[in-house]
Amino acid sequence: MESTISLKVKGKGKGSKGASSSDDKSKYQVVKEWTNWSLKKAKVATHYGFIPLVIFIGMNSDPKPHLFQLLSPV
């Protein structure tokens with residue numbers, strides 16, 4: 001037995017009304033997936049890039065602080 005996968009969108013009714021609602025749902029799903037993907041990537045980039053950014057900006061300031069002064073909370 002050979003199984004085949006259909007990529008066609010199946011609508012309940014005939015005409016453009018059924019196809020339009022399924023297209024809207026699929027577009028919504030695509031936008032939702034891309035939004036979630038991009039937010040996850042931004043979260044990782046922010047997590048690993050924040051402290052190096054602080055060090056880079058601090059070391060390029062006019063009075064050059066020591067590394068310990070940049071990383072200390074006070």
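What you see is a predicted model; the values in this text were computed from it and never measured. Residues: numbered from 1 along the sequence shown.
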*Can you name the nearest heavy-atom pair linking Gly58 to Pro65, along with the distance?*
O-CD, 3.5 Å
*Counting heavy atoms not belonging to Ile51, are there more than 12 under 6.0 Å from its CD1?*
no
*Partner residues of Lys43 under the side chain to side chain contact (heavy atoms under 4.5 Å, CB included) criterion, sequence neighbours left out*: none
*List, by chain and number, the other hydrophobic cluster members for Val31, where Ile, Leu, Val, Met, Phe, Trp and Tyr join if side-chain heavy atoms come within less than 4.5 Å, directly or indirectly.*
none
*asked:* If hydrophobic residues (ILVMFWY) are linked whenever their side-chain heavy atoms come closer than 4.5 Å, directly or via other members, who joins Trp34 in its cluster?
replied: Val30, Trp37
*Would you mind listing every ring pair (Phe, Tyr, Trp, His ring centres under 6.0 Å) that reaches into residues 40-74, with sequence neighbours excluded?*
none
*asked:* Is it true that, when you exclude Lys64 itself, more than 12 heavy atoms of the residues, nucleotides or ligands shown sit nearer than 6.0 Å to its NZ?
replied: yes
*From the options Val54, Leu53, Asn60, select the one residue that forms a side chain to side chain contact (heavy atoms under 4.5 Å, CB included) with Ile57.*
Leu53
